[in-house]
*Asks:* 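Following this message is one structure expressed as structure tokens.
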Amino acid sequence: MTEKQPVILGIDLGAKSIGWCVMECNVDSVGRWEPVGLLDAGARCFDAGVDGNIDQGKDEARAVARRIQRGMRRQIYRRAQRLRRSLRALTEAGLLPGAIASPSEARHEYLFKLDECLRTILVADGEMPAQVHDSSIYQIRRRCLDGVRTLEEIGRALFHLSQRRGFKSNRKDGTTEDDKGKVKGGIADLAIQIKNANCRSLGEFFSKLDPHQTRIRNRWAARSMYEAEFVQIWAAQAANHPSVMTYDAMKKIYTAIFYQRPLKSSASLIGFCELEPHHRRAPMGC
């Protein structure tokens with residue numbers, strides 16, 4: 001093959017291979033290229049960079065599993081961090097005097113003893129049988145909506161809101177549209193059930209359920225339901241403990257329980273416009 005001999009190079013890019021072919025060509029009088037012979041051809045095969053069935057379009061990057069596991073570790077760490085922060089805020093406010101935020105073993109031991117004491121109070125008041133243990137915390141949350149309650153009862157009810165604070169949408173959580181539909185449908189059904197039961201809060205609704213007949217856990221609940229219950233409990237008990245349940249204490253405890261860091265901005269990742277080099281590209285929907 002001379003330096004001036006025209007050739008055509010064809011490349012086939014695949015998910016697991018690259019094929020190539022070099023054709024010898026002649027140029028006719030009008031400048032058109034016509035293949036006249038095969039000079040060489042070949043292929044290079046390699047492992048796919050994805051897992052799954054590529055032909056059916058069900059493949060995914062190998063880093064997906066690692067990213068999911070990393071996200072789970074972050075979620076567990078942040079949840080433990082939130083519980084410690086919430087318990088410290090309640091302790092500093094005087095709602096859970098003597099509570100130990102960390103280590104986790106000491107916190108669990110403190111909560112276990114506190115739950116035993118509160119369960120004894122519920123049994124003594126005739127609000128729940130002695131053999132029932134699963135729904136005692138929901139009975140505490142219901143009781144905090146009325147009457148005069150102790151600081152330990154109020155603090156335990158508010159800390160339970162931190163343990164179960166409901167769902168709040170996050171577009172980067174990796175869920176599909178079908179999953180989002182299930183979540184929204186579950187939240188809507190729960191809201192209807194609460195309304196039909198004439199309950200003022202989510203905790204009051206759960207307190208009326210028999211845990212041996214109806215499952216309380218594994219339900220989709222909105223973050224707004226827990227936020228509304230927090231406000232209801234605080235409004236009902238603040239007048240009974242004005243020196244402890246102050247406005248500043250409410251803001252600190254509310255932030256400790258319900259704060260959720262905003263999504264990280266990706267504005268810096270947007271490229272510059274080819275027509276307006278000093279401006280970022282506009283969204284496709286504009």
*Asks:* Has Arg280 got a side-chain atom pairing as donor or acceptor with Ile270's backbone, closer than 3.5 angstrom?
*Replies:* yes

*Asks:* When you measure from the side chain of Arg107 to the backbone N and O of Ala101, does any donor-acceptor pair fall under 3.5 Å?
*Replies:* yes

*Asks:* Which value, rounded to the nearest 0.5 Å, describes the distance between Ile154 atom CD1 and Arg143 atom CZ?
*Replies:* 11.0 Å

*Asks:* Could you measure the distance from the CZ atom of Arg281 to the CG atom of Leu275? Nearest 0.5 Å is fine.
*Replies:* 10.0 Å

*Asks:* With no hydrogens and no angle check, do the side chains of Arg142 and Gln139 hold a donor and an acceptor under 3.5 Å apart?
*Replies:* yes

*Asks:* Closest heavy-atom contact between Ile233 and Cys144?
*Replies:* CG2-CB, 3.9 Å

*Asks:* Among Ile, Leu, Val, Met, Phe, Trp and Tyr joined by side-chain contacts under 4.5 Å, find the other residues sharing a cluster with Phe112 and list them by chain and number.
*Replies:* none

*Asks:* To the nearest 0.5 angstrom, please state how far the CZ atom of Arg79 sits from the CZ atom of Arg165.
*Replies:* 10.0 Å

*Asks:* In terms of side-chain heavy atoms, does Asn240 have a donor or acceptor partner in Gln237 at a distance below 3.5 Å?
*Replies:* yes

*Asks:* For Phe46, is the CZ atom crowded, meaning more than 12 foreign heavy atoms sit under 6.0 Å from it?
*Replies:* yes

*Asks:* Between Arg223 and Gln260, is there a side-chain donor-acceptor contact under 3.5 Å, judged purely by atom types and distance?
*Replies:* yes

*Asks:* Would you find a donor on one side and an acceptor on the other, under 3.5 Å apart, between the side chain of Gln232 and the backbone of Arg200?
*Replies:* yes

*Asks:* Got Met225 and Ile187 here, is their nearest side-chain heavy-atom distance under 4.5 Å?
*Replies:* yes

*Asks:* Where does the angle between the aromatic ring planes of Phe230 and Trp234 fall among parallel (under 30°), tilted (30 to 60°) and perpendicular (over 60°)?
*Replies:* parallel

*Asks:* Hey, could you give me the CG/CG distance between Leu114 and Leu96, rounded to the nearest 0.5 Å?
*Replies:* 6.5 Å

*Asks:* Is the CD atom of Gln193 crowded by more than 12 outside heavy atoms at less than 6.0 Å?
*Replies:* yes

*Asks:* Considering only NZ, NE, NH1 and NH2 on the basic side and carboxylate oxygens on the acidic side, decide whether Arg141 and Glu204 come within less than 4.0 Å.
*Replies:* no

*Asks:* Heavy atoms only: give me the nearest Lys208-Asn198 pair and the separation to one decimal.
*Replies:* NZ-O, 4.4 Å

*Asks:* Between atom OG1 of Thr214 and atom CZ of Arg219, what is the distance when rounded to the nearest 0.5 Å?
*Replies:* 7.0 Å

*Asks:* Without swapping roles, check the side chain of His241 against the backbone of Arg149 for a donor-acceptor pair under 3.5 Å.
*Replies:* yes

*Asks:* Evaluate the side-chain proximity of Ile253 to Leu95: yes if any heavy-atom separation is below 4.5 Å, no if none is.
*Replies:* yes

*Asks:* Check whether Val22 and Ile11 end up in the same hydrophobic cluster, where Ile, Leu, Val, Met, Phe, Trp and Tyr are linked by side-chain heavy atoms less than 4.5 Å apart.
*Replies:* yes

*Asks:* Should Ser136 and Asp115 count as side-chain neighbours, where that means a heavy-atom distance under 4.5 Å?
*Replies:* no

*Asks:* Between Val27 and Leu39, is there a shared hydrophobic cluster once you connect ILVMFWY residues whose side-chain heavy atoms come closer than 4.5 Å?
*Replies:* no

*Asks:* Whether the side chain of Ser162 engages the backbone of Leu158 through a donor-acceptor N/O pair (distance < 3.5 Å, no angle test) should be reported.
*Replies:* no

*Asks:* Looking at side-chain heavy atoms only, is the closest gap between Leu122 and Ile140 below 4.5 Å?
*Replies:* yes

*Asks:* About how many Å separate CD1 of Ile8 and SG of Cys25, when rounded to the nearest 0.5 Å?
*Replies:* 3.5 Å

*Asks:* Looking at Arg119 and Glu116, is there a salt bridge between them, counting it only when a charged N and a carboxylate O are closer than 4.0 Å?
*Replies:* yes

*Asks:* For residues Ala256 and Arg82, report the shortest heavy-atom separation together with the two atoms involved.
*Replies:* O-CG, 3.5 Å

*Asks:* Under a 4.5 Å cut-off applied to non-hydrogen side-chain atoms, are Ser104 and Arg84 in contact?
*Replies:* no

*Asks:* Determine whether Tyr226 and Leu202 make a side-chain contact, defined as any pair of heavy atoms from C-beta on separated by less than 4.5 Å.
*Replies:* yes

*Asks:* Is it the case that atom OH in Tyr247 sees more than 12 heavy atoms from other parts of the structure closer than 6.0 Å?
*Replies:* no

*Asks:* How close do Lys182 and Trp220 get, counting heavy atoms only, and between which atoms?
*Replies:* O-CD1, 4.0 Å

*Asks:* Would you confirm whether Ser266, through its side chain, and Leu269, through its main-chain N or O, come within 3.5 Å as a donor-acceptor pair?
*Replies:* no

*Asks:* What are the two closest heavy atoms between Pro35 and Met23, and how far apart are they?
*Replies:* CB-CE, 3.9 Å

*Asks:* Identify the two heavy atoms, one from Pro97 and one from Tyr110, that lie closest to each other, and give their separation to 0.1 Å.
*Replies:* O-OH, 3.5 Å

